[in-house]
Amino acid sequence: MMRLELVKRPQRSMLFSALSPFIAFVLTIIAGAILFALLGVNPLKAFQIYFIEPISQVWQLHELAIKAAPLILIGVGLSVCYRANIWNIGAEGQFILGGIVGSSIPVLFPQFEGPLVLPLMLLFGMIGGAAYAAIPALLKTRFNTNEILTSLMLVYVAQLFLDWLVRGPWRDPKGFNFPQTIQFNDSAILPELMPASGRANWGFVFALVAAVLVWILMSRMLKGFEVRVLGSSPRAGRFAGFGINRMVFFAFMLSGALAGLAGISEVSGAIGQLQPVISPGYGFTAIIVAFLGRLNPLGIVAAGLVLALTYLGGEAVQSALGISDKVARVFQGMLLFFVLGCDTLIHYRIRLIGFAAPKLESAPKLEEAR
Amino acid sequence: MSANQDGATLLEVRGLTKTFGTLTACDHVDLNVAKGEIHALLGENGAGKSTLVKMLFGTLEPNSGEIFWNGQAVTITNPGFAKKLGIGMVFQHFSLFEALTAAENIALSLDDGSPISTIAAKARALSYSYGLPLDPQSLVGDLSVGERQRIEIIRCLLQTPQLIILDEPTSVLTPQEADKLFETLERLRSEGKSILYISHRLEEVKRICDRATVLRHGKVVGHCNPRKETAASLARMMVGNDVQAVVRAPAQGIETAQPLLEIRALSRKPATPFSIPLRNINLTVRAGEVIGIAGVAGNGQGEFFESVSGEAPQQDAASVRIRGKDAGGLSITGRRLMGAAFVPEERLGHGAAPRMKLSENLLLSRHATDGKVFVGAGGMVKSDAIYAAAQRIIKAMDVRKSAPDPEAAALSGGNLQKFIVGRELDRRPSVMVVNQPTWGVDAGAAAHIRQTLIELARSGSAVLVISQDLDELFEISDAIAVMHNGELSKPLPIAEATFEKVGLLMGGAEPGHAEHALETS
């Protein structure tokens with residue numbers, strides 16, 4: 001008889017903690033090769049189309065950055081929430097509200113131009129996202145509601161609110177009744193980084209800066225310590241004098257502000273006006289990004305790029321090989337699976353135990369309660 | 001007289017070894033337990049007693065070594081198998097559901113599908129025949145800790161074990177309840193059952209145990225007959241050298257000293273259905289004195305600690321006063337800034353965050369009081385400073401660890417407690433409130449912690465110690481008050497306090513009427 005046992009390692013290896021996502025990526029490639037082979041496609045060719053071609057030209061790298069920026073911005077904010085053991089599932093809604101509140105300036109004051117416009121819009125976007133995220137925080141601290149449900153439900157409220165705005169009060173009067181606002185004026189457009197080579201805008205820079213700042217916050221600052229203590233052992237946090245209610249507001253509003261910034265960057269950068277739908281589900285995908293990056297802001301940068309690539313690759317294999325772009329979902333799933341597996345093996349090691357059959361009849365199950 | 005000295009061997013352990021990483025928790029341990037004896041397993045914290053017992057009960061698997069049961073080699077792979085063999089265990093921390101009745105709790109562990117009413121009847125009969133009266137229909141949440149232990153013992157006896165392992169059984173009992181337990185154990189011995197008795201209380205080991213096996217650093221350092229040893233010689237075997245006796249210089253002029261901690265008419269409503277309300281508690285701790293609060297666990301000590309520490313602030317600001325100023329409305333941080341320090345009972349998850357390094361755990365209670373030293377401009381943590389301070393505490397308290405700055409959970413309970421107490425002492429607080437300072441801590445370290453608490457008081461601080469260990473309280477306190485059902489008795493000056501008086505108060509004699517109760521009992 002043999003049995004497997006997970007034994008906790010006394011100390012985790014820092015090296016392998018850092019390598020974990022890369023190992024997971026290699027394992028995903030191997031599993032993906034098998035997948036493509038079973039689909040009757042030459043795996044090498046498929047990989048080239050999936051992973052290499054979408055980033056083989058400079059303009060395509062720009063597309064990657066455009067897709068990755070909101071994922072990273074939102075994921076970094078969510079990582080703070082999740083480290084604090086606070087479950088903000090409503091980043092999609094905070095993204096939308098950030099887009100709406102930030103857009104209020106160019107939509108309501110189209111004559112207002114100049115260098116102040118854009119910073120104000122970004123600020124408004126962050127305030128909008130943070131304020132919207134404060135609603136589930138208030139409900140949780142005041143009425144002890146479950147923040148998973150309230151934040152998720154507020155996503156649908158935000159989506160419908162945006163839909164109503166662009167069809168109703170904010171509709172472009174000269175827009176042939178299309179459900180959209182006026183085109184923003186030039187000073188309300190987020191500039192492109194290198195217009196000569198592609199479309200990537202400053203949103204990607206915001207994402208990188210946010211990742212570095214949050215990394216410093218979490219690993220070097222007392223506030224980050226507070227987040228980690230309250231998230232891992234709330235009673236010890238209370239003993240330390242950290243307030244759990246203040247933390248709920250802090251985590252929700254920080255992640256809401258970053259989601260709002262992502263929202264207004266997307267609207268003023270990639271789109272240039274408000275439409276009924278401004279996000280292909282960035283707020284939800286960012287949850288996967290946060291966990292794939294193992295709640296580490298720097299890991300989230302890498303995870304955001306990888307997830308952005310799986311989207312581009314999925315579109316590429318669909319057009320080039322006729323394989324369903326659902327294959328992107330499979331890759332995302334495998335990636336998440338392998339990274340969680342690697343993380344488990346960093347914390348635990350597997351012991352294979354062979355033992356002689358007990359002399360007396362052994363009880364059928366382990367008594368874990370003890 | 002040691003009963004059945006030449007009785008047949010029931011359990012024999014040869015060369016049992018268990019390693020965790022680089023740490024050898026049990027190193028070629030030999031043990032044999034005869035039929036019909038009470039065998040003591042003595043050792044400091046971290047000596048490997050728990051590891052050994054867990055291997056015997058099948059919750060840990062040995063790396064090498066053999067276990068013989070009635071002369072036959074066995075591999076104990078899980079607790080269910082241990083129970084089948086006839087090994088029963090009563091844990092130090094009870095595993096009972098408070099919202100269920102005693103009988104339901106017993107039924108859960110028996111796992112044989114017999115109806116609750118049958119189990120209740122059996123449990124009742126068994127409990128009365130062993131002098132451990134128990135109402136199987138009562139809710140566990142309503143029972144005292146002593147009664148809960150009875151459930152654990154009855155649950156164990158219902159499986160008709162031949163060997164019963166008891167882990168620190170008297171740590172939750174009043175002296176009177178402990179006497180009752182000893183009668184039961186002697187009764188079990190007379191029926192030919194064997195008992196493996198784990199304890200650090202040397203007096204009771206001398207009183208009821210026939211033989212003792214002493215462990216130190218995972219190795220067996222001796223087998224002896226405890227009745228022929230003195231408490232000091234047993235302690236020497238456990239620790240490896242003489243345990244420094246705690247020295248308590250008589251406190252001078254305490255009556256006139258400044259009150260540093262005053263508790264005035266403190267009451268608190270129960271926060272959960274199973275917590276104890278506090279009723280009109282009054283207490284003054286003056287500069288230079290140690291006041292002990294005795295009481296059976298679960299009589300409101302935890303609630304009291306939370307109220308004093310400020311984890312649960314009060315409505316009435318005057319109900320807790322620190323150094324002559326109202327502190328009742330302040331948070332724990334505010335009270336720390338007034339010069340108070342706190343050590344809670346639970347180490348992992350309350351006094352320390354388990355998955356964090358010791359240096360980070362230092363920051364846990366001192367980020368505000370030592371803000372200038374540990375936290376720099378803009379809220380940046382000075383990791384060099386906290387690392388250095390943590391190393392200083394580790395050295396001062398002789399904390400033993402496997403890495404320079406390990407996670408709190410990687411330390412043994414006693415070593416972590418040394419760190420947590422040291423973390424607060426390092427601040428030289430003027431008010432120190434400690435809940436169970438040496439619970440589960442080895443003799444050497446416990447003596448060290450007690451001595452430092454006395455010295456802190458004598459240097460002009462007020463020290464309040466909540467403890468279930470009466471020996472400890474008598475060793476360090478200048479006066480002892482007793483908490484029962486959320487009420488606190490008047491402090492008895494140590495010169496007037498006796499085990500009997502305190503024990504009766506612990507059992508619920510009316511506060512202030514201990515003398516009377518003693519006469520009528």
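Scope of the values below: all heavy atoms of this structure, side chains included, with no hydrogens, waters or symmetry mates. First the proteins, then the strands, lettered A, B, ... as listed; each starts at 1.
Among the candidates B:V375, B:L108, B:I332, B:T333, the residue making the largest number of heavy-atom pairs closer than 4.5 Å to chain A is B:I332. Taking chain A as the reference chain and counting heavy-atom pairs below 4.5 Å, the highest number among B:G349, B:S365, B:G310 is found for B:G349. If you tally non-hydrogen atom pairs under 4.5 Å between each of A:G237, A:A240, A:S233 and chain B, the highest count goes to A:A240. When each of B:S309, B:P344, B:P354 is scored by its heavy-atom pairs under 4.5 Å with chain A, the top score falls to B:P344. Taking B:H350, B:E306, B:M380 one by one and counting their heavy-atom pairs under 4.5 Å with chain A, the maximum is reached by B:H350.
The cationic atom of B:R336 (NZ for Lys, CZ for Arg) lies less than 6.0 Å from the six-membered ring centre of A:F239 and within 45° of the ring axis.
Within 6.0 Å of the NZ atom in B:K357, the count of heavy atoms belonging to other residues, nucleotides or ligands does not exceed 12.
To the nearest 0.5 angstrom, A:E226 atom CD is 10.5 Å from B:L363 atom CG. From A:R238, atom CZ reaches atom OG of B:S331 across 12.0 Å, with rounding to the nearest 0.5 Å.
Within residues 209-220 of chain A, the residues approaching chain B closer than 4.5 Å by heavy atoms are, in numerical order, A:I216, A:R220.
Annotation: side chain of A:V229 is in contact with side chain of B:M356 (closest heavy-atom distance under 4.5 Å). Looking only at side-chain heavy atoms (C-beta outward), A:R228 and B:E360 come within less than 4.5 Å of each other.
Neither the backbone nor the side chain of B:F374 comes within contact range of chain A, judged by heavy atoms closer than 4.5 Å. Neither the backbone nor the side chain of B:A82 comes within contact range of chain A; no heavy atoms are under 4.5 Å apart.
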Could you go through the side chain to side chain contact (heavy atoms under 4.5 Å, CB included) check for A:F225 and B:L364 one step at a time?
CA-CA 9 Å; A:F225 175 71; B:L364 193 71; 4.3 Å; yes
